[in-house]
Amino acid sequence: MGKAQILRGRIVSNTMDIDDGLIAVDGGHITYAGPASGFRGDPDAGETSSAGVESGPAGRILLPGLVDLHCHGANGSDFSEGSVEGARSAARYLHSRGTTTLLASLVTAAPADLLRNLKALRQVEEEGLIAGSHLEGPFLSAGQCGAHDPALLLAPDTGLMGELFEAAGPSLASMTLAAELPGAPSLVDLLTAHGALPSLGHTAADHPAAAAFLERAAAGLAKAPNALMGRRPTVTHLFNAMPGLHHRSPGPVSACLSAARAGDAVVELIADGVHLAPETVKTVFELVGAENIALVTDSMAATGLRDGQYRLGALAVTVDGGVARVDDTGAIAGGTATLLEVVRAAVAAGVSLRNAVTSASAVPAAVLGRSSQAGDLRAGMRADVVVVDPDLNLAGVLRGGEWVAPPRQNRS
């Protein structure tokens, strides 16, 4: 485990914003986080410069390790490849860029491939590199499939769902569903009975159907045998892969915003400057509050690499100017930003740093039922700390009390 260390700087998290802050770490866990004046130990003992920044506190900002509920890969590796080593490489790269807790998302694939991929991710989850897996499909709307192969979409099937749970075991944390598909309510019940999160997305549902989906999911999670405090259904990348909000046909967006405003759901926002306009991001924060938003990346294999040709599941993708699009349709094919870059873009859009950090750490940690371990900076929590400069450029990442170095890139 990590050695004893002291970090000084401005602390920004869900629970505090302190200019002269101090974080003490020992044995891989935080032993103190708060004003430097309140620390009872030696503030100079164990001070580290291992983050690659100056050892003094000037200009340093200390954030909680970031938590991403929706990412498909990074550093040349796609979680849908079914490769344990590729998944390890992607996860380790994301750790090194500040995302210390993440779900590995799988795109729609043939059932045999999904079973293979879930088994691989189960091993990586057991190694502690990811927090679990997220199935984005195959039970999605054909008209809102986005970067999913429409030929591989299926109607909700409880038999197949049982096989997926058997392959994944407890590592399956969430699944994106289209609310309007026949059989979707039965799948919601099956997911919540296993303690997995139903996420509304890739849907053409109208307002009543979307609202009923979220209400059913919330009720199921509340009575699940392994229910954990703070667990709520989510909305997969709000606005993307669903009809837009229209004044005579509000569709799923209005239901999702209402549920989030009431605290009954958490909406994902890909606030990378590509998937959503900055004004949209700022407006949603103002409407529903940071405590009901999870910033996500939807990152793909190209994250961390240069423009070029890549794959997202079965689909060929070209990245140009950092924007990934499916070759055949031109649809946006996930993101290429890290979660820290999404936080930076949200701040540039007018969201306060504390709110952006809350939505990229505390909220998704609570969604996963991991608030006691991740998402904040408190005594007793795992020592996951992201060190940035005043412009939110990365200076270092502490994960479990150890400084994380980026792995060698898979390809350029």
Side-chain angles (χ1 to χ4, degrees), residues 1-68 92 94-102 128-129 131 229-230 339-340 343 352-366 368-406:
M1 296 297 285
K3 62 185 179 181
Q5 302 180 70
I6 299 291
L7 300 177
R8 295 284 299 272
R10 178 188 173 194
I11 299 176
V12 180
S13 74
N14 178 52
T15 52
M16 67 184 89
D17 186 344
I18 300 171
D19 284 334
D20 186 13
L22 183 149
I23 299 173
V25 174
D26 196 6
H29 289 81
I30 296 171
T31 57
Y32 176 85
S37 59
F39 183 59
R40 297 297 173 243
D42 181 356
D44 296 318
E47 175 71 24
T48 180
S49 58
S50 299
V53 294
E54 70 280 7
S55 59
R60 198 183 330 194
I61 304 175
L62 309 175
L63 310 176
L66 305 181
V67 181
D68 196 351
R92 287 174 176 144
L94 293 169
H95 295 165
S96 75
R97 308 312 296 168
T99 304
T100 54
T101 302
L102 63 114
L129 294 174
M229 183 68 68
L339 192 49
L340 180 59
V343 168
S352 73
L353 176 58
R354 187 170 178 182
N355 280 345
V357 168
T358 293
S359 295
S361 56
V363 174
L368 293 175
R370 292 180 174 239
S371 294
S372 64
Q373 309 161 48
D376 206 345
L377 299 169
R378 302 191 306 271
M381 300 185 72
R382 191 175 74 175
D384 295 347
V385 186
V386 179
V387 185
V388 297
D389 69 15
D391 295 320
L392 303 183
N393 296 307
L394 187 67
V397 179
L398 199 66
R399 185 175 190 264
E402 299 284 354
W403 292 108
V404 183

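When a residue number appears, it is its place in the shown sequence, counting from 1.
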Pairs in or reaching into residues 378-388: which pass salt bridge (charged side-chain N to carboxylate O under 4.0 Å, His left out), with residues at least two apart or in two chains? D376-R378, R382-D384
Run the side chain to side chain contact (heavy atoms under 4.5 Å, CB included) check on L340 and L66 step by step: do they pass? CA-CA 8 Å; L340 180 59; L66 305 181; 4.0 Å; yes
Quick one: does H95's side chain have a donor or acceptor within less than 3.5 Å of a partner on L129's backbone? yes
Salt-bridge test for D20 and R8: reply yes if a basic N is under 4.0 Å from a carboxylate O, no otherwise. yes
Compare all side-chain heavy atoms of D389 with those of I61 and state whether any distance is below 4.5 angstrom. no
If we only count heavy atoms from C-beta on, is the T358 to V363 side-chain gap below 4.5 Å? yes
Taking side chain as C-beta onward, heavy atoms only, is T100 less than 4.5 Å from V397? yes
Just jot down the side chain to side chain donor-acceptor pair (under 3.5 Å) partners of T99, sequence neighbours excluded, or say none. none
Looking only at heavy atoms, which two atoms of L377 and M381 are closest? And how far apart? N-SD, 4.2 Å
Are any non-hydrogen side-chain atoms of V387 and W403 less than 4.5 angstrom apart? yes
Closest approach of S361 and P64, non-hydrogen atoms and distance? OG-CG, 4.0 Å
When rounded to the nearest 0.5 angstrom, what distance separates CZ in R399 from OG1 in T101? 6.0 Å
Those residues at least two apart in sequence (or on a different chain) that pass side chain to side chain donor-acceptor pair (under 3.5 Å) with D19 are none
Closest heavy-atom pair and its distance - A379, Y32: CB-N, 4.4 Å
Side-chain (R10) to main-chain (D17) donor-acceptor, under 3.5 angstrom: no
Can you name the nearest heavy-atom pair linking V386 to G98, along with the distance? CG2-O, 3.4 Å
Determine the minimum heavy-atom distance between A374 and A365, stating which atoms define it. O-CB, 3.3 Å
Residue pair L22 / I6, side-chain heavy-atom distance below 4.5 Å: yes
Any side-chain heavy atom of L7 within less than 4.5 Å of one from R60? yes
For the student: nearest non-hydrogen atoms of V12 and V357, plus distance: O-CG1, 3.9 Å
